[in-house]
Each structure stands twice: as C-alpha cells, then as structure tokens.
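Below is one structure, written out as structure tokens; the observations come after it.
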Number of protein chains: 4
Amino acid sequence: MTSTRPSTGKNPHGHAGPRRNVSARQAVLDAADDLLVERGFAGVTMEAIANRAGVAKQTIYRWWKSKVEILLDNLEEDGEAALAWNHGDGEPLAELVGQLSRLQAFLRDEAAGAVMHSLIGQALHDPDTAQRFREGFLLAQRRRDLAGLRNVLERLDCAPTGDAELAELLDRLLGPIYYRSVVLGISSSPEFLEELAHSVVGQAREGRRRG
Amino acid sequence: MTSTRPSTGKNPHGHAGPRRNVSARQAVLDAADDLLVERGFAGVTMEAIANRAGVAKQTIYRWWKSKVEILLDNLEEDGEAALAWNHGDGEPLAELVGQLSRLQAFLRDEAAGAVMHSLIGQALHDPDTAQRFREGFLLAQRRRDLAGLRNVLERLDCAPTGDAELAELLDRLLGPIYYRSVVLGISSSPEFLEELAHSVVGQAREGRRRG
Amino acid sequence: MTSTRPSTGKNPHGHAGPRRNVSARQAVLDAADDLLVERGFAGVTMEAIANRAGVAKQTIYRWWKSKVEILLDNLEEDGEAALAWNHGDGEPLAELVGQLSRLQAFLRDEAAGAVMHSLIGQALHDPDTAQRFREGFLLAQRRRDLAGLRNVLERLDCAPTGDAELAELLDRLLGPIYYRSVVLGISSSPEFLEELAHSVVGQAREGRRRG
Amino acid sequence: MTSTRPSTGKNPHGHAGPRRNVSARQAVLDAADDLLVERGFAGVTMEAIANRAGVAKQTIYRWWKSKVEILLDNLEEDGEAALAWNHGDGEPLAELVGQLSRLQAFLRDEAAGAVMHSLIGQALHDPDTAQRFREGFLLAQRRRDLAGLRNVLERLDCAPTGDAELAELLDRLLGPIYYRSVVLGISSSPEFLEELAHSVVGQAREGRRRG
DNA sequence: CTGTAAGCGAGACGGTACGTCTAGTCTTTTA
DNA sequence: TAAAAGACTAGACGTACCGTCTCGCTTACAG
C-alpha cells in the first residue's frame with residue numbers, strides 16, 4: 001500500500017527539488033502487471049517494464065530494488081481490499097464460506113492471482129523475497145484473517161481461547177485451498193469450500209467441548 | 001526415475017560410438033543438487049552445473065532440456081522412496097500420522113525438500129514446468145497417496161466410496177502441511193499433524209455415517 | 001578570459017533578478033581543474049564537477065555548454081599569461097630560447113598543461129571542440145607568437161617579409177616541442193631547445209640572404 | 001599486427017575447441033573504422049560496433065579490452081605499410097621528402113589518419129591508452145623512422161654518430177608536420193616539406209662539420 | 001517596501017552505453 | 001559418435017552520466 005522509499009513526505013532538506021512522479025509510478029506498476037499476465041514471470045524484466053511503461057530503467061531502480069518489489073506493491077494495493085472480511089449480520093457460517101470463496105476467486109483472478117502465485121514462486125527461490133513477501137503482505141493478511149475467523153467463531157460460540165488453536169484452524173481452512181491452487185494448480189469447488197468450512201467449524205465446536 | 005532420453009539402452013543406430021557416460025549423468029545431478037543447497041535456485045545455472053560437474057554444457061543439453069529437468073530427475077530418485085506409504089499391521093491412524101510426518105520431514109530436508117520447493121516455485125512461474133512437474137512427479141505421488149489413504153481408511157472402516165471424496169480428504173490432510181511449508185515457510189508440529197489426522201479421519205467417519 | 005555569457009553587466013531585460021554568482025563560477029572552474037588533475041579527463045564529468053563545486057548541474061549548464069567550455073575558460077585564464085612574450089633589451093636569441101622554455105614548462109605543468117593536453121585530445125575527437133579550442137585560444141596565441149617571433153627576428157635583422165614564411169619558422173620552432181609533448185609524451189631538454197632556436201634563426205638568416 | 005590474445009596458435013590444452021572466428025574479427029575492425037569515419041570517435045561505441053559488425057558484445061570483449069585496442073589493431077595493420085621507408089637508388093634527399101609526403105598523406109587519409117588522430121587524442125586523455133599506443137605502434141614506427149633517416153643521411157655523408165642527435169633531427173622533421181596536423185588541424189604543403197627536409201639535412205651537415 | 005523575475009541547490013526524469021552474466025547453439029578435436 | 005572445450009549470437013542485468021525538467025528558496029532591482 002505504501003511506496004518503497006519514505007520520500008513521499010516533506011522534503012527533508014529545507015530546500016526544494018522535484019517530487020516523485022506519481023504517473024510514472026503507476027505506469028511501472030501497470031506495466032509489470034500486464035507483462036506478467038501476457039508473458040509470464042520470465043517476461044517481467046526490468047528492461048521490458050521500463051520499455052512498456054515509457055520510463056527510464058534508472059527511475060525504476062530509484063524506487064524499487066527489484067521486480068519483486070514492484071509486484072509486491074501491486075499485491076499490496078489489490079490484495080488487502082480483495083481479501084477483506086465482510087462482517088454482516090447474517091449467518092456466520094455463510095460469511096466464512098463467502099470469505100473462502102473470495103480467496104479462491106482472488107487466486108484464480110488473472111491479474112492479482114498471477115501476482116500472488118509469482119510472488120509465492122519467487123519466495124520459494126529466494127529467501128530475501130520470502131522475507132519481503134511475508135513481512136510486506138502475508139503476515140498482515142494473516143492477522144486480518146485471524147481476526148476475521150475469531151469474529152465468526154465467536155458469533156458461533158466456538159472460538160478457541162488460545163491464538164495457536166485459532167491459527168491451526170485457519171491453516172486447515174486456507175491450507176487446502178492454497179495447496180490446490182499453488183501446488184496442484186486446480187480450483188476448489190464451492191461444495192468443497194462449504195464442506196471445508198463446516199468441517200473446521202465442527203472441529204472448533206468439538207475442541208470447545210473438549211477444551 | 002529415468003533420464004530424459006531413452007539412450008541408456010541399445011544404441012538405436014546400428015552403428016558405433018560410445019554410449020552415455022553414466023558417471024557424467026550422476027555428476028550433473030549431484031552438481032545441481034549441491035548448487036541448489038549452497039547457492040539457491042538462482043545459483044543453479046547450466047554454466048555452473050557444467051563447471052562443477054566437470055562436464056561440457058553440450059553434454060547437459062544433450063540429455064536434459066533445462067535445469068528443471070535435472071532437478072526433476074533428482075526429485076524422482078529421492079521423492080518416491082521418501083514418500084512411500086509404509087503399511088504395517090499396527091494402528092492405521094498412527095500409520096497415517098507417520099506418513100504426514102514423513103512428508104513434513106521430506107519438505108524440511110535440506111536437499112530433497114529444497115528441490116521440491118524449487119520445482120513448485122518454478123512451476124508457479126512457468127506453465128511448462130508446471131506440466132512437467134505434475135506429470136513427472138506430482139500426479140504419480142498423488143496416486144500413491146490416494147491408495148495409501150484408502151488403505152488406511154478401509155482398515156478403519158470409513159473409506160468413502162467415491163474417488164472425489166477421497167481426494168478431498170487427502171487435500172485436507174496435505175493442504176495445511178504444504179501451505180505452511182510452501183507459503184508460510186514454517187513447519188508443522190507433531191501435535192498439529194496428529195490433530196489433523198484425527199480430525200480428517202473423524203470427518204471421514206461422519207461422511208460414512210451420512211453418506 | 002571572460003565567461004560564456006555577457007551577463008556580468010546590466011541585466012539585459014529591463015527587469016530584476018539576482019546576477020551571476022561569481023563564487024559559483026570560480027568553484028566550477030576549480031572543481032574541473034582539480035578533477036582533471038586527480039582523476040584524469042574521464043573523471044571530469046558534469047555530475048562530478050557539480051558535486052565537488054557544491055553547485056547544481058543546472059547552474060553549470062546555464063553558463064557553459066559542456067565541460068570543454070569550462071576547461072577552455074580555465075585555459076584562457078592561465079594560458080595567456082604563462083605564454084606571453086617577454087621582450088626585454090637583452091640578447092634576442094636568448095629571449096627566443098626563453099620563450100620556448102616557457103612553452104615547455106607550460107606543457108609540463110600539472111594543472112595548465114593537463115588542461116592543454118586534454119583540450120588538444122578532445123579537439124582530436126570532436127570537430128566542434130576543435131573549432132572552439134582554436135578560435136577560443138589557439139589562434140589568439142598563435143597571433144601573439146607570430147608577433148613575438150617577428151620582434152625577435154627583426155632585432156636580429158632576419159625577419160622574413162611574408163607572413164607565411166614567418167609562420168613556417170614558428171611551426172619549425174613549436175612543432176618539435178608540441179610533437180614531443182603531445183604525441184611522444186616526452187619533454188624537450190634545454191639543449192634541444194637552444195639548438196632548435198639557433199637552427200631556425202640560422203635558417204631565417206639564410207632565407208634572408210637568398211630572398 | 002597481431003591479435004590481442006595469443007590464441008591463434010595451437011590450442012594450449014591437449015584438448016579441443018573452436019578456434020577464433022577470423023571473419024568476426026575483421027568485421028569488428030571494419031565496423032570500428034567505418035563508425036569512426038562516419039560518426040566520429042564518440043560514435044565508436046562497443047554497442048554500435050557490435051551492432052554494425054553483426055557480432056555479440058561478448059565476442060568483442062573476449063578479444064579486446066576496449067575500443068582503443070580495436071583501433072590500435074587497425075592502425076597496426078594499416079600504419080606499418082603506409083609509413084614504410086622506400087629506399088631506392090635515386091636522390092636521397094628526394095627520398096626523404098617523399099617519406100615526409102607519405103606521412104602527411106597518411107595523416108590526412110580518411111580512415112587511417114582518423115584512427116591515428118583518435119588514438120593520439122585518447123592517449124592525451126588516458127595514460128593507459130598512451131602507453132598502449134606508444135608501445136603498440138609509435139615506438140616501433142619511431143625505430144623504423146630512425147633507421148630510415150640514418151640510411152638517407154649516410155648516403156649524404158652527414159649522419160650523426162649518436163642516436164640522440166639522430167632522434168633530434170627526426171623530431172625536427174616530424175614535429176612540424178604532426179604539430180600542424182594534430183594541434184593546428186592544417187596540412188603541410190609540399191613546399192613546406194621540401195624546405196623542411198633541406199633545412200634539417202643542412203643542419204645535419206653543419207653538425208657533422210662541427211662535431 | 002513590495003512584487004516579481006531571475007539565480008540557485010536539489011534531484012527526478014527519459015535516455016544511452018557501459019561491462020558482465022547466462023542462455024542455448026555450433027564447431028573443433030580427442031578418444 | 002559421445003564428450004570436453006569453448007567461441008558464438010542474443011539479450012537482461014544493474015550502474016553511471018547525459019542533458020532537461022521542475023520545485024521551492026533566496027535575492028535584488030522596479031515600480
């Protein structure tokens with residue numbers, strides 16, 4: 001959501017100077033996204049981004065360390081909104097299924113899903129990317145997911161007391177969806193998602209009874 | 001398990017010439033593995049493999065299309081054995097937990113796990129790799145896993161009739177483990193694995209009662 | 001001797017505004033000189049000059065078209081004084097030798113000589129520089145040299161009538177010195193300079209006899 | 001005359017491998033020459049040479065350290081032949097004038113002269129170039145020139161005994177020609193060359209009488 | 001004594017070339 | 001004819017300067 005360099009504040013010197021060109025920034029983000037969809041991750045080169053965005057390479061390197069950072073910026077802008085929990089006053093279980101569907105749709109989405117898959121892929125290749133990806137997006141999303149899930153379970157009177165138990169429940173919900181999408185490359189059907197939600201909520205209820 | 005070209009049989013031409021140098025093949029496989037562990041995926045270049053294996057680049061290209069194929073060869077040699085189901089005459093549920101632990105250990109293993117992660121990562125970048133990875137290893141392993149899980153559930157009298165239901169149970173078992181390892185980059189504790197197995201087997205029992 | 005733009009007078013526009021910052025001008029000239037001595041011609045970049053002079057690039061481009069112009073400004077300030085003929089009432093031939101020694105010393109000088117060599121070098125690379133260098137310094141110096149040589153030869157009663165002959169004599173004096181310094185990269189010994197002067201003056205006498 | 005790497009002999013290893021591609025070498029030399037004539041020294045970039053020669057940059061860098069080395073290769077191939085002394089059985093003095101004319105023509109030549117001027121220019125900018133230029137061409141040519149001049153003077157019975165005196169005579173011959181061409185950017189007329197030769201030979205005779 | 005226009009430090013920008021790296025192909029020689 | 005050696009074309013890498021531009025501050029004359 002925020003840019004790579006903290007430069008979008010006051011100019012630190014008493015003096016002046018040009019500010020960051022926002023349209024160039026957006027052009028870079030869009031170019032990277034488009035290239036990813038059109039040519040795949042290997043086609044997302046700094047050269048190609050610069051070319052398509054009509055921007056000098058140096059301008060890209062001034063604001064981003066690598067193409068991964070560019071994709072991360074894209075993910076941060078798209079991901080948070082797309083994966084926000086939508087607490088209404090309806091059926092909590094339906095809400096949970098809805099959230100799982102939203103994740104599934106996000107992962108299948110042409111642009112955002114491609115970025116997500118690419119970043120996971122690159123994180124598997126390179127520890128630095130892994131750290132940036134997790135710190136820059138994944139952990140924040142996980143925190144939001146944990147809060148959302150707790151909210152749902154509390155309304156169903158079966159929220160676990162500990163955070164660890166909640167996290168395990170979350171991973172049992174998200175794990176199969178991610179696994180199918182990321183490793184197997186297949187989608188999860190609505191029925192699967194529904195069964196999954198039911199099963200894990202049932203497990204939470206049982207844990208509640210036992211705990 | 002076997003190399004890319006069927007050249008380790010009779011020379012297909014009636015004519016002469018030396019046959020494939022098996023020690024060169026092993027040197028290439030080992031070099032790729034070592035480089036992956038020492039320098040990460042980016043350090044696994046054809047150039048570096050050739051150099052370290054003391055082999056000409058052309059020799060590599062003669063037998064493998066890309067470094068992905070080399071890693072796949074490695075995975076096929078290591079993976080099948082490491083992930084084989086080990087049906088004894090003990091407690092089926094303990095056997096299931098054992099299998100999940102074996103997967104967890106495999107994913108954390110320095111060499112084989114690194115290869116696995118790299119291939120999943122590359123599959124996320126490149127559809128061709130994805131296809132090769134799935135056809136060359138993943139689907140076969142999935143077939144073995146389905147058979148193994150069915151065996152366990154049958155001994156517990158709760159195997160579903162359909163293959164689809166069995167696959168869903170499998171993904172609920174493997175999904176969280178892969179998700180934690182591949183996406184979150186964390187391990188699953190033995191307790192988590194045990195709860196997971198119990199929960200999914202319980203789910204299978206319930207499905208049996210309902211179905 | 002003076003800067004590129006005639007701005008150090010009245011403001012050409014009827015209107016107001018600050019005048020040229022003389023200390024910035026000197027800082028630029030000095031920075032260019034220092035960089036040339038310390039890092040060679042390749043180290044004399046607009047960026048480096050601006051940096052070292054504590055001046056914005058735009059300020060440099062406002063007053064000079066290129067780094068060559070900056071070096072020319074330096075040369076004009078140093079060169080005319082260093083290469084001025086020094087007509088006393090002593091022996092004319094000694095005076096001539098003295099002038100040749102002055103040239104030799106100038107070419108070997110760390111700062112001024114380096115500028116001179118650099119400009120000759122750049123003139124050999126780029127016709128525009130060649131023109132600016134010749135018009136901005138070389139031809140004026142040549143005029144002064146021709147006058148000085150004529151003065152000396154007249155006092156020796158052997159000045160040629162035509163300008164062309166005088167120029168040829170001048171080139172026979174300066175040519176070997178420049179050649180050794182610029183092309184061969186070596187100095188001319190005092191003895192060589194003395195013989196050179198004697199020989200060319202002798203030649204002038206003979207020309208006089210013949211002509 | 002010879003290439004940058006000593007690779008055009010036997011392969012140093014007992015083993016095999018491809019040899020240097022001679023046509024690529026010639027294409028590079030020609031491209032550099034053409035670019036120099038068409039676009040000047042600044043237009044001679046590695047990129048442009050590679051492009052015009054239809055050769056990969058890496059191939060250029062494999063065999064030459066810089067564009068200066070390429071130009072030197074060109075100069076060595078062209079220069080020695082063009083500046084060879086041509087001892088016949090005619091008038092020695094005419095032979096000397098002929099040699100000076102050959103130098104003058106060489107310096108004015110579109111291709112070879114441009115290379116020569118560029119290399120002198122670059123030598124003035126960069127000490128490494130200066131050393132390479134002098135060691136790679138200039139000193140060898142100087143040796144040939146000293147031998148040629150001695151031959152001529154001996155046939156005129158006025159060769160100096162010492163090498164230093166001979167070198168001074170040579171510099172008095174070549175100096176004015178180079179000075180006019182390199183510094184002033186003008187040519188020397190045949191009359192000037194003739195007078196120059198006469199004058200220096202006269203000087204040699206006088207030195208003979210004195211010494 | 002105040003507005004206004006230029007000079008200035010700062011530095012972002014679109015470019016071009018740099019010299020390096022790896023990919024994948026091709027060629028030569030040895031075994 | 002496989003294999004080692006390695007030259008070849010191709011193209012991305014990240015860096016350094018180029019010359020242009022915009023920004024906001026400062027300064028000094030003009031009204």
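The sequence lines fix the lettering, A, B, ..., with proteins before strands; numbering per chain opens at 1.
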Would you mind telling me which of C/E77, C/R132, C/Q122 makes a side chain to side chain contact (heavy atoms under 4.5 Å, CB included) with C/L72?
C/R132
Residues of residues 123-133 of chain D with any non-hydrogen atom less than 4.0 angstrom from an atom of DNA chain E: list those, numerically ordered, please.
none
Quick one: is F/dA3 close enough that its OP1 or OP2 comes under 4.0 Å of any side-chain N or O from B/R62?
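Yes, such a contact exists.
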Between D/W63 and F/dC8, does any side-chain N or O lie under 4.0 Å from OP1 or OP2?
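The answer is yes; a side-chain N or O of D/W63 sits under 4.0 Å from OP1 or OP2.
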Heavy-atom nearest nucleotide on DNA chain E taken for C/T59 and for A/A53; more 5' hit belongs to C/T59
I want to confirm an ordering. Mapping A/V55 and C/V55 to their closest nucleotides on DNA chain E, which one lands closer to the 5' end?
C/V55
To the nearest 0.5 Å, tell me how far A/E69 CD sits from A/L119 CG.
9.5 Å
Suppose we screen for salt bridge (charged side-chain N to carboxylate O under 4.0 Å, His left out). Which residues come up paired with [X], at least two apart in sequence or across chains?
{"X": "C/K67", "value": "none"}
{"X": "B/E47", "value": "B/K57"}
{"X": "B/R52", "value": "B/D34, B/E38"}

How would nucleotides 20-26 of chain E be written as a contact map, 5' to 3', with B for base contact, S for sugar-phosphate-only contact and - for no contact, using protein heavy atoms under 4.0 Å?
BBSSBBB
Which residues share a ring-ring contact (aromatic ring centres under 6.0 Å, His included) with A/H125, sequence neighbours left out
B/F41, B/H125
Check for me whether B/R25 meets the cation-pi criterion with B/W63, that is, NZ or CZ under 6.0 Å from the six-membered ring centre and within 45 degrees of the ring axis.
no
